[in-house]
Q: 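One structure, pasted below without further comment.
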Amino acid sequence: GRNYLLTHSTRFFVAALALYMSFMTGAYAAEEIGKAVAITVSVTGDGGPLRVSSPIHRDERIRTSSSGTGQFLFHDGTKLAVGPNSSLVLDRSVFVGSSAFKTLSLKATRGTFRWISGKSGSAAYKISTPFGTLGIRGTAVDFYIGAGAASVIILEGRAVFCGNNGVCKPLTRGCDMVTANRNGVLGESKKPAKTAVEGVRNDVSFPFLVGSRKLSRPFR
């Protein structure tokens with residue numbers, strides 16, 4: 001009888017522990033890091049369509065339709081606008097207190113975006129693309145990711161883009177631009193070219209900058 005009771009108690013403890021760990025893992029994976037503040041047409045997250053005030057979570061993938069636009073506000077005041085035909089993952093976040101991040105990184109795979117830094121330390125922010133990594137220093141930037149290249153235009157502050165070949169280019173003045181393909185950085189210019197990304201119209205690659213997509217005032 002005693003062995004039975006011990007075995008039964010052990011099984012109960014293991015089951016309870018597994019349930020607790022499952023709950024904690026689910027809660028951790030679903031950590032809320034911001035919310036949607038404006039949605040146009042169709043924007044989806046892992047749980048389905050997003051609407052105004054929908055929470056966004058760590059590790060969540062956000063996608064927009066061919067005419068969709070989403071505007072998101074993170075807990076530290078960072079603003080992110082996502083244009084049509086775009087996809088990104090809210091890849092990693094670590095809070096410091098309740099309103100700042102030690103780490104906030106995104107993995108953007110395609111589309112067009114505007115980023116405006118919040119009040120976390122500048123070293124907290126990182127954006128990964130198939131063509132390199134964008135480091136942000138108190139910055140507002142627009143960036144585009146196409147099938148064969150990525151392009152970044154700085155609007156305010158400073159940034160650095162490091163291509164897959166390890167070559168890094170600083171962006172230090174308004175309208176500085178850098179473009180890269182899978183082999184690394186292609187070049188930079190002090191003003192955006194008439195066509196920033198070869199073969200792609202600027203109203204497609206940088207719709208927020210040229211005004212073909214309207215944003216609410218805090219995102220302009």
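Values in this document were obtained by computation on a predicted structure and should not be read as measured data.
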Q: side-chain contact (heavy atoms from CB on, under 4.5 Å) for F74 and L80? Distances and angles first, verdict last.
A: CA-CA 8 Å; F74 292 85; L80 174 70; 3.8 Å; yes

Q: Identify the two heavy atoms, one from G45 and one from L50, that lie closest to each other, and give their separation to 0.1 Å.
A: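 Closest approach of G45 to L50: N-CG, 3.7 Å.
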
Q: Would you check if there is a donor-acceptor pair between the side chains of E156 and T139 at a distance under 3.5 Å?
A: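 There is no such pair (donor and acceptor under 3.5 Å, judged by atom type) between the side chains of T139 and E156.
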
Q: Are any non-hydrogen side-chain atoms of V43 and V82 less than 4.5 angstrom apart?
A: no

Q: Do you reckon L106 sits in the same ILVMFWY cluster as Y125, going by side-chain contacts under 4.5 Å, direct or chained?
A: yes

Q: Any salt bridge (Lys or Arg N to Asp or Glu O under 4.0 Å) pairs touching residues 79-92, not counting sequence neighbours?
A: none

Q: Output all residues satisfying side-chain contact (heavy atoms from CB on, under 4.5 Å) with D46, sequence neighbours left out; order by chain, then residue number.
A: E60, R61

Q: Is any side-chain heavy atom of Y144 less than 4.5 Å from a side-chain heavy atom of V152?
A: no

Q: Check which hydrophobic residues are tied to V52 through side-chain heavy-atom contacts below 4.5 Å, counting indirect links as well, and list them.
A: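 Result for V52 is none, singleton.
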
Q: I would like to know whether L90 and F72 meet side-chain contact (heavy atoms from CB on, under 4.5 Å); could you show each step before the answer?
A: CA-CA 11 Å; L90 307 175; F72 301 93; over 6 Å; no

Q: Report the distance from atom CD of E198 to atom CG of N181, rounding to the nearest 0.5 Å.
A: 11.0 Å

Q: Residues two or more places apart in sequence or in another chain: which of them pass salt bridge (charged side-chain N to carboxylate O under 4.0 Å, His left out) with R201?
A: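 For R201, the residues satisfying salt bridge (charged side-chain N to carboxylate O under 4.0 Å, His left out) (neighbours in sequence not counted) are D203.
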
Q: Measure across T64 and P84 and return the closest heavy-atom pair with its distance rounded to 0.1 Å.
A: OG1-C, 3.4 Å

Q: Between N202 (side chain only) and A196 (backbone N and O only), is there a donor and an acceptor less than 3.5 Å apart?
A: yes

Q: Starting from V89, walk the hydrophobic network (Ile, Leu, Val, Met, Phe, Trp, Tyr; side-chain heavy atoms closer than 4.5 Å) and list everyone else you reach, by chain and number.
A: none

Q: Any side chain to side chain donor-acceptor pair (under 3.5 Å) involving residues 33-43? Give me the pairs, sequence neighbours left out, ordered by first then second residue.
A: none

Q: Can you find a pair of side-chain heavy atoms, one from I136 and one from S122, that are under 4.5 Å apart?
A: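 In short, these two side chains do not touch, never coming nearer than 4.5 Å.
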
Q: Using side-chain contact (heavy atoms from CB on, under 4.5 Å), reason through V141 and L134 one step at a time and then give a plain yes or no.
A: CA-CA 10 Å; V141 294; L134 178 63; 4.0 Å; yes

Q: Is any side-chain heavy atom of T78 closer than 4.5 Å to a side-chain heavy atom of F101?
A: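 No; the side chains remain at least 4.5 Å from each other.
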
Q: Heavy atoms only: give me the nearest T129-A150 pair and the separation to one decimal.
A: OG1-CB, 4.4 Å

Q: For the side chain of T69 and the backbone of G83, is there at least one donor-acceptor N/O pair under 3.5 Å apart?
A: no

Q: Work out which heavy atom in G132 is nearest to a heavy atom in N164; give both atom names and the distance.
A: N-OD1, 3.4 Å

Q: Mind checking what makes side-chain contact (heavy atoms from CB on, under 4.5 Å) contact with K119, not counting sequence neighbours?
A: D76, S99

Q: Does V160 belong to the same Ile/Leu/Val/Met/Phe/Trp/Tyr cluster as I116, with side-chain heavy atoms less than 4.5 Å apart forming each link?
A: no

Q: First locate atom CD1 of I153, then atom CZ of F206, and finally report the distance between them rounded to the nearest 0.5 Å.
A: 4.0 Å

Q: side-chain contact (heavy atoms from CB on, under 4.5 Å) with A124: which residues, sequence neighbours excluded?
A: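 Here the qualifying residues are S120.
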
Q: Under a 4.5 Å cut-off applied to non-hydrogen side-chain atoms, are F113 and I127 in contact?
A: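 Not in contact.
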
Q: Looking only at heavy atoms, which two atoms of G111 and S86 are closest? And how far apart?
A: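 Closest heavy-atom pair between G111 and S86: CA-OG, 3.1 Å.
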
Q: Return the set of residues passing side-chain contact (heavy atoms from CB on, under 4.5 Å) with P49 (not counting sequence neighbours), or none when no residue passes.
A: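 With neighbours one apart ignored, the set is R51.
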
Q: Mind checking the OG-CZ spacing from S105 to R58? Nearest 0.5 Å is all I need.
A: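 Here the interatomic distance stands at 9.5 Å.
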
Q: Is the side chain of S151 donor-acceptor paired with the backbone N or O of V197 at a distance under 3.5 Å, no angle test?
A: no

Q: Using a 4.5 Å cut-off on heavy atoms from C-beta on, say whether the side chain of H57 contacts that of I33.
A: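 Answer no - side chains too far apart.
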
Q: Is there any salt bridge (Lys or Arg N to Asp or Glu O under 4.0 Å) pair reaching into residues 129-151, and which pairs are they, with sequence neighbours excluded?
A: R114-D142

Q: For residues 126-174, which residue pairs qualify under disulfide (SG to SG under 2.5 Å), counting only residues two or more places apart or in two chains?
A: C162-C168

Q: Check whether any side-chain N or O of S66 sits under 3.5 Å from a backbone N or O of N85 as a donor-acceptor pair, and report yes or no.
A: no

Q: Distance from I154 atom CD1 to C175 atom SG, nearest 0.5 Å?
A: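 Going from CD1 on I154 over to SG on C175, the span is 10.0 Å.
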
Q: How many angstroms lie between atom CG of L104 and atom NE2 of H75, to the nearest 0.5 angstrom?
A: 11.0 Å

Q: Of the non-hydrogen atoms in A149 and T179, which two are nearest, and what is the gap between them?
A: CB-CG2, 4.4 Å

Q: Are side-chain heavy atoms of I145 and F131 found at a separation under 4.5 Å?
A: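 They are in contact (side-chain heavy atoms under 4.5 Å apart), so the answer is yes.
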
Q: Counting C-beta onward and ignoring hydrogens, is there a side-chain heavy-atom pair between S93 and E31 closer than 4.5 Å?
A: yes

Q: Looking at S128 and K107, would you say the former's side chain and the latter's main chain have a donor-acceptor pair under 3.5 Å?
A: no

Q: Under the 4.5 Å side-chain heavy-atom rule for ILVMFWY, direct or indirect, which residues accompany F219?
A: V37, L73, F208, L215

Q: Has R110 got a side-chain atom pairing as donor or acceptor with L88's backbone, closer than 3.5 angstrom?
A: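 Side chain of R110 to backbone of L88, a donor-acceptor pair under 3.5 Å: no, none is there.
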
Q: Nearest 0.5 Å, what's the CD-CD1 distance between E32 and I56?
A: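 Reported value, rounded in 0.5 Å steps: 8.5 Å.
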
